[in-house]
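Notes to accompany the following structure.
Numbers restart at 1 for each chain; the letters A, B, ... are given by sequence-line order, proteins then strands.
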There are 2 protein chains.
Amino acid sequence: MARSDKSALPGGTAMLVLALLKEREMYGYQIIEELEKRSNQVFRLQEGTLYPLLHSLERDKLVTARDQETPSGRRRRYYRITAAGLRALEEKKEEWQVYSRAVTAILAGA
Amino acid sequence: MARSDKSALPGGTAMLVLALLKEREMYGYQIIEELEKRSNQVFRLQEGTLYPLLHSLERDKLVTARDQETPSGRRRRYYRITAAGLRALEEKKEEWQVYSRAVTAILAGA
DNA sequence: ATAATATACCTAGATATTCTAGGTATAGGA
DNA sequence: TCCTATACCTAGAATATCTAGGTATATTAT
């Protein structure tokens, strides 16, 4: 995830992608743009990050994929979240809450 | 940083360590325990993560180090944050705020 | 007294994640 | 016609963290 200092949120990328897919099925390129838009340009996934990630989510059965052509003939691969994916999302969200609260506590000091 | 799913917050570990050192100088083992305590056991740095990290912070002049023996003869290496370290901490905190707000926005949905 | 555990430092190599830097192909606009 | 945007992909590099060791002394339990 491209940010000023090159760092990212580990495991978090999958969580964000699953969160988008919870709303509706989307194709890869669209996920990148949505994520950028909704974060107000805070992060923009690199294609080299997203596509392999989608493949691993599919392998783990957290999403399913189907190909579809646009009227103009362009190929798109749509991803849809599965029941297991929804469960995984809830878990990751819970972890994120716990984690960010702990970080906040430490930053706030003694 | 040991968590249930093995993931961590990249760059975040340095931020947390610097946040502790802002309060007072500390030695490595102590940092591990303080971090665990203040996060309510949410994370516990592995020694193999912390010691190399402290060395890189020292190399980058964000901290300075000095050795000291306890009355009983045990060696401890104390780390103190530098002015550059304080600046780096403020930057990382700002990034964290921006980042966590963006994540929250995406998790909250459209 | 001795054994086991805790303290305290360290490193090398494996693993996981993301990035860089390419590649392919089509659509649409200048 | 050429350039940019769309849309997919992968290989290899870079980075961060973990695993799994190692050394040594102090403290606690047997």
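- Taking atom CD of residue B:E69 and atom C1' of nucleotide C:dT7, one finds them 14 Å apart after rounding to whole Å.
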Using a cutoff of under 3.5 Å, can you pull out all pairs of nitrogen or oxygen atoms linking the protein to nucleotides 8-10 of chain C, with atom names and distances?
from: C:dA8; atom 1: OP1; to: B:R76; atom 2: NE; distance (Å): 2.8
from: C:dA8; atom 1: OP1; to: B:R76; atom 2: NH2; distance (Å): 2.4
from: C:dA8; atom 1: OP2; to: B:Y27; atom 2: OH; distance (Å): 2.9
from: C:dC9; atom 1: OP1; to: B:R77; atom 2: N; distance (Å): 2.9
from: C:dC9; atom 1: OP2; to: B:G28; atom 2: N; distance (Å): 3.3
from: C:dC9; atom 1: OP2; to: B:Y29; atom 2: N; distance (Å): 2.5
from: C:dC9; atom 1: OP2; to: B:Y51; atom 2: OH; distance (Å): 3.0
from: C:dC9; atom 1: N4; to: B:E47; atom 2: OE1; distance (Å): 2.5
from: C:dC10; atom 1: OP1; to: B:H55; atom 2: NE2; distance (Å): 3.4
from: C:dC10; atom 1: OP2; to: B:H55; atom 2: NE2; distance (Å): 3.3
from: C:dC10; atom 1: N4; to: B:E47; atom 2: OE1; distance (Å): 3.2

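- Classification of A:R101 and A:E95 as a salt-bridged pair fails, no side-chain N sitting under 4.0 Å from a carboxylate O.
- Under 4.0 Å is where a charged nitrogen must lie from a carboxylate oxygen, and between B:E58 and B:R77 at least one such pair does.
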Under 3.5 Å, side-chain donor or acceptor atoms of residues 78-86 of chain B against the rest of the protein: list the pairs with distances, not counting sequence neighbours.
from: B:R80; atom 1: NH2; to: B:E25; atom 2: OE1; distance (Å): 3.4
from: B:T82; atom 1: OG1; to: B:K61; atom 2: O; distance (Å): 2.7
from: B:T82; atom 1: OG1; to: B:L62; atom 2: O; distance (Å): 3.1
from: B:T82; atom 1: OG1; to: B:A84; atom 2: N; distance (Å): 3.4
from: B:T82; atom 1: OG1; to: B:G85; atom 2: N; distance (Å): 3.0

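- Atom-to-atom, CG of B:L50 to P of C:dT11 comes out at 12 Å; the value is rounded to the nearest Å.
- One interatomic measurement links the two molecules: CG of B:L57 to P of D:dT17, which rounds to 11 Å at whole-angstrom precision.
- Here the side chain of A:E23 pairs no donor or acceptor atom with the backbone of A:L20 at under 3.5 angstrom.
- Side-chain N/O atoms of A:T49 include none lying less than 4.0 angstrom from OP1 or OP2 on C:dT17.
- Separating the CD atom of B:Q46 from the C1' atom of C:dT11 is a distance of 15 Å, rounded to the nearest angstrom.
- The residues B:D67 and B:R75 are annotated as salt-bridged, a charged nitrogen and a carboxylate oxygen being separated by less than 4.0 angstrom.
- Between the side chain of B:S100 and the main chain of B:W96, a donor-acceptor pair closer than 3.5 Å is present.
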